[in-house]
Amino acid sequence: MEANGKDELKKPLLQDDDVVAVTMVQLSDSRNKKIRTLLFKVNGITCASCSNSIESALGKLKGIESATVSPLQGQAIVKYVPELISAKKIKEAVEDTGFLVDEFPEQDIAICRIRIKGMACTSCSESVERALSMIDGVKKAVVGLSLEEAKVHFDPNVTSIGRIIEAVEDAGFGADIISSGSDLNKVHFKLEGINSPDDFTAIQCCLDALEGVNTVDINQQEHRVTISYEPDIIGPRTLMQCIQESGHEPSTYHASLFIPPRQREIEKEQEIHTYRNLFLWSCLFSVPIFVFSMVLPMLPPYGNWLEYKVFNMLTVGILLKWILCTPVQFVIGRRFYAGSYHALRRVSANMDVLIALGTNAAYFYSVYIMVKALTSNSFEGQDFFETSPMLISFILLGKYLEVLAKGKTSDALAKLTELAPETAYLLTLDSAGNIISETEISSQLIQKNDVLKIVPGAKVPVDGVVINGHSYVNESMITGEARPVSKMPGDKVIGGTVNENGCVLIKAIHIGSETALSQIVQLVEAAQLARAPVQKLADQISRFFVPTVVLTAIMTWLGWFIPGELGVYPSSWIPKGMNVFELALQFGISVLVVACPCALGLATPTAIMVATGKGASQGVLIKGGNALEKAQKVKLVVFDKTGTLTVGKPTVVSAVLFSNISMKDFCDVTISAEANSEHPIAKAVVDHAKKLRLKHGAESEFHPEIENFEVHTGAGVSGKVGERKILVGNRRLMHAFNVPVSSEADNYISEHEHLARTCVLVAVDEKIAGAFAVTDPIKPDAARVVSFLHSMDITSVMVTGDNWATARAIASEVGIQTVFAETDPLGKADKIKELQLKGTSVAMVGDGINDSPALVAADVGMAIGAGTDVAIEAADIVLIKSNLEDVVTAIDLSRKTMSRIRLNYVWALGYNVLGMPVAAGVLFPFTGIRLPPWLAGACMAASSISVVCSSLLLQSYKKPLNTRVN
């Protein structure tokens with residue numbers, strides 16, 4: 001990735017596509033006022049003059065701090081003081097200049113992420129979503145079951161994060177704030193030298209006065225301060241220095257970096273520890289009950305003492321089992337009561353309700369038997385005291401194993417977050433660029449524009465640009481590219497990658513949440529939170545699953561009890577020591593506890609979690625379950641040519657004159673016209689023309705300025721240099737301006753186009769003066785990828801703005817049959833729509849420079865090699881490196897994931913469909929097979945574990961093309 005000027009260096013390597021409007025509140029140091037930032041689209045911008053007129057109009061308004069309009073993206077960023085001007089006035093001011101405002105936020109939108117505790121199944125996540133959606137001011141709420149998180153979009157003027165957390169807790173779940181929109185860049189310091197509350201006040205005032213500081217939160221008990229700041233304005237070392245300078249004798253303060261423990265990992269460890277301890281405590285009581293109930297009675301005379309009568313018909317065995325069972329039922333199993341209470345309070349039902357019903361039925365019936373035995377000298381009955389503790393033990397074991405397995409589903413994401421090194425070498429340079437000092441600092445203290453030294457074998461701490469030295473960098477951990485990439489001055493490096501051999505100096509350009517690594521992690525987390533359409537099946541089933549199970553259990557009990565009382569089935573079916581009621585009750589309880597809504601709820605999110613993490617580790621960023629589901633349906637892939645099928649670095653291989661103009665003048669007018677164009681071919685022509693003019697006697701790099709410059713999309717550019725009218729572009733541009741193409745020029749064009757080269761014609765005063773032949777090498781893996789897609793029953797199509805002859809030549813070389821040439825960016829989108837009308841699911845693969853309309857129009861948009869490009873927002877799948885084989889990887893991984901999700905559903909549904917009839921005793925009359933409640937509970941636990949383990953098998957996914965080659 002090469003540097004493309006200062007503006008390019010200011011862009012984050014990856015940009016968040018989830019936010020249309022971000023409102024950040026910051027305190028101005030000059031006046032105590034709030035400044036908000038407004039982000040919206042402006043349609044109709046064609047050049048820099050348009051953006052200047054909008055900026056000028058906004059600049060005249062009172063209350064506008066700054067206004068920036070991008071002509072390339074058609075996007076405006078306005079900072080304003082809400083007390084002085086409203087957002088509506090800003091919109092009206094832009095529209096008064098003659099432009100149409102789009103995607104304008106009608107109200108402030110803030111985003112927060114919340115960790116949710118206590119969710120067990122899809123019913124729980126739906127309950128949280130409902131509770132959040134009912135809050136006034138909440139615009140959108142998405143809850144991820146497997147991630148145990150919620151992402152909430154809300155209007156901060158109407159509600160607050162505190163109110164959101166309160167709503168979650170009212171629904172019966174725990175909630176902790178993970179992050180909000182204003183704390184993407186935070187730093188934590190440990191304070192020393194604090195002697196009184198006045199010292200905290202002094203530090204607070206000093207920090208608040210700094211420009212770029214958003215919030216300051218001081219914990220006086222632990223002597224810690226947390227600061228949210230703007231990395232473009234200020235950095236952590238400046239903040240640390242401010243704290244230390246705020247003290248005066250005799251009070252001197254010292255601030256040291258404090259890295260808070262990762263809350264998610266701590267809570268995950270606590271959850272694992274809790275379930276393990278609960279299971280062990282449950283076993284401590286359950287194992288003796290099992291021995292008293294199942295083992296000793298079968299080993300006379302060792303079990304005879306259990307039959308000794310304490311009072312009337314109450315035996316030692318029943319009394320001991322009651323004593324051991326009660327703590328398990330009400331102490332260890334209290335979490336099921338709490339879950340049931342909260343579920344029923346919100347008019348819902350989940351797994352806790354089923355477990356509570358089943359265990360209570362067994363426990364209280366057994367208590368009834370015990371009371372009858374205590375009060376009667378002739379009563380005989382069978383208790384079920386072993387059912388409740390053993391059922392709870394198996395369920396706790398299942399939850400323990402499930403939590404362990406679920407922790408592994410995010411392993412790939414955890415590895416990404418650990419890539420950044422802990423320390424870096426900071427250099428201090430003098431005005432001549434000589435090194436004055438070298439200091440080892442924490443990576444958390446790096447600021448923008450710092451010069452860092454990267455020694456061989458060290459990790460790059462942040463995104464930067466090489467300013468000195470040459471080396472090879474291993475980017476496999478970010479992009480999946482196995483071969484080290486050469487890095488020279490001007491090249492970008494990505495934080496988390498490894499420097500192989502040479503020593504290089506880099507300038508930090510992106511830190512904190514702006515680094516590619518941070519944004520990849522954010523993108524993958526958002527993808528894991530997004531719900532796939534296939535998840536709707538589980539959501540629909542979960543709504544009526546528990547009530548249906550409860551009804552089925554009651555029907556099962558009645559179905560065995562009533563016929564038994566009427567003598568419909570023979571008494572020989574009733575096991576020894578039981579009566580009809582007890583047999584029917586056991587079948588009913590088994591139905592209650594064998595049904596497993598958890599497996600259904602985990603089938604989709606766990607698979608998506610593993611797949612998105614695995615894809616990210618291989619350089620394929622999939623934006624959620626929706627993109628996965630659409631990608632697996634793709635039957636036709638449309639490739640852009642330049643930068644996608646070709647390398648994207650055009651070079652001029654020939655330059656020729658067709659008139660009496662000198663080569664120096666020819667190069668001058670060409671440079672003047674093409675210097676303002678951003679097209680890769682234009683840049684190649686300018687570079688070659690500059691070399692040519694020096695070769696032909698030019699003494700300086702000066703070239704005349706162009707007037708009336710105009711871009712003709714898909715054709716070229718035009719303008720005036722002095723008194724001469726200049727056209728630079730393809731044959732279509734010449735025809736549009738009625739410039740005749742001589743036979744000599746026509747032969748030159750035909751000759752090179754058949755060699756897959758693009759010809760750039762230069763016309764001066766309506767006569768063709770000369771031409772350049774430009775070649776862009778085809779990527780070495782292009783033909784192999786097209787062939788492999790064909791083996792997957794996927795058709796490949798090429799669409800390009802280049803001429804037909806060049807397009808056909810390149811298509812023929814890579815094996816593509818269908819070609820659309822001489823198509824502008826909007827025309828590409830139209831071609832996509834035409835293909836979709838045939839009922840085909842279409843994927844568009846573009847280099848992300850001018851392919852945004854087509855990427856949006858396609859069913860699946862893939863931005864290839866777009867780690868530094870804004871068009872990542874338009875894509876469903878981002879391929880970090882430029883290898884075409886990742887197109888195959890993305891589609892194949894999607895197919896494998898959806899296949900795994902279907903298998904999970906088959907298992908989860910199949911288990912419930914087969915398990916419930918067996919538990920209800922369908923096989924009992926024919927085979928004598930009966931599923932005791934404790935065994936039914938073990939089966940239910942095994943169901944959830946099996947689904948999670950099934951999803952974990954995606955961790956072993958291998959790229960199909962790599963597998964084939966090796």
Side-chain angles (χ1 to χ4, degrees), residues 2 4-5 641-643 646-659 661-698 700-721 724-734 736-737 739 741 744-746 748-753 755-765 767-777 800-803 805-807 809-810 822 824 847 849-850:
E2 297 180 354
N4 297 319
K641 180 181 77 71
T642 306
T646 63
V647 174
K649 294 183 179 178
T651 54
V652 177
V653 294
S654 170
V656 65
L657 298 175
F658 298 124
S659 67
I661 191 172
S662 69
M663 181 60 78
K664 178 180 176 299
D665 285 347
F666 174 70
C667 291
D668 280 344
V669 296
T670 302
I671 294 169
S672 298
E674 292 282 64
N676 293 322
S677 175
E678 290 295 317
H679 199 282
I681 291 178
K683 291 182 178 180
V685 169
V686 169
D687 290 342
H688 188 78
K690 286 179 178 178
K691 294 174 185 176
L692 267 182
R693 68 190 298 277
L694 291 173
K695 186 177 178 181
H696 286 80
S700 69
E701 293 188 3
F702 173 78
H703 59 82
E705 291 295 322
I706 192 168
E707 298 176 354
N708 302 328
F709 177 78
E710 189 176 352
V711 176
H712 305 276
T713 306
V717 298
S718 65
K720 287 187 72 175
V721 177
R724 293 182 291 185
K725 187 175 182 180
I726 309 299
L727 298 172
V728 182
N730 54 25
R731 197 197 300 254
R732 190 149 38 110
L733 182 69
M734 302 302 147
F737 283 85
V739 176
V741 179
E744 184 183 6
D746 194 58
Y748 178 84
I749 293 169
S750 299
E751 177 188 345
H752 285 281
E753 285 181 349
L755 294 173
R757 295 171 181 170
T758 302
C759 289
V760 178
L761 304 174
V762 181
V764 179
D765 290 332
K767 291 183 180 178
I768 292 182
F772 296 90
V774 182
T775 184
D776 188 4
T800 177
D802 212 338
N803 63 80
T806 303
I810 288 177
E822 299 180 5
D824 61 24
D847 60 0
I849 294 173
N850 60 352

- Do Ser718 and His712 meet the criterion of a side-chain donor-acceptor pair at a distance under 3.5 Å? yes

Identify the two heavy atoms, one from [X] and one from [Y], that lie closest to each other, and give their separation to 0.1 Å.
X	Y	result
Ala756	Ile810	CB-CG1, 3.7 Å
Phe658	Ala771	CE1-CB, 3.8 Å
Pro650	Ala684	O-CB, 3.2 Å
Ala655	Tyr748	N-OH, 4.2 Å
Ala673	Ile706	CA-CD1, 3.6 Å

- Starting from the C-alpha separation in whole Å, work towards a yes-or-no answer on side chain to side chain contact (heavy atoms under 4.5 Å, CB included) for Lys720 and Ile726. CA-CA 6 Å; Lys720 287 187 72 175; Ile726 309 299; over 6 Å; no

State whether the side chain of [X] and the backbone N or O of [Y] hold a donor-acceptor pair below 3.5 Å, judged by distance alone.
X	Y	value
Ser672	Glu705	no
Asp765	Lys725	yes
Thr806	Arg757	yes

Quick one: [atom1] on [X] to [atom2] on [Y], what's the gap to the nearest 0.5 Å?
X	Y	atom1	atom2	answer
Ser662	Asp668	OG	CG	7.5 Å
His752	Thr775	NE2	OG1	10.5 Å
Thr670	Lys690	OG1	NZ	12.5 Å
Met663	Arg693	CE	CZ	13.0 Å
Ile661	Cys667	CD1	SG	9.0 Å
Leu727	Leu733	CG	CG	5.0 Å

- Item | Salt bridge flag under 4.0 Å for residues Lys691 and Asp687 | no

- Task: Output yes when Asp746 and Arg731 qualify as a salt bridge under the 4.0 Å nitrogen-oxygen rule, no when they do not.
- Result: yes

- Task: Test Ile681 against Val760 for side chain to side chain contact (heavy atoms under 4.5 Å, CB included), laying out the working first.
- Result: CA-CA 9 Å; Ile681 291 178; Val760 178; 3.8 Å; yes

- Task: Would you please test Ile749 and Val741 for side chain to side chain contact (heavy atoms under 4.5 Å, CB included) and show each step?
- Result: CA-CA 10 Å; Ile749 293 169; Val741 179; 4.3 Å; yes

- Message: Using 30° and 60° as the class boundaries, would you call the ring planes of Phe772 and Phe666 parallel, tilted or perpendicular?
- Response: parallel

- Report yes if the side chains of Thr651 and Val774 come closer than 4.5 Å at any heavy-atom pair, otherwise no. no

- Query: Got Val739 and Lys767 here, is their nearest side-chain heavy-atom distance under 4.5 Å?
  - Reply: no

- Message: For a side chain to side chain contact (heavy atoms under 4.5 Å, CB included) check, start with the C-alpha distance between Val652 and Val685, then their side-chain angles and the critical distance, and finish with the verdict.
- Response: CA-CA 6 Å; Val652 177; Val685 169; 4.3 Å; yes

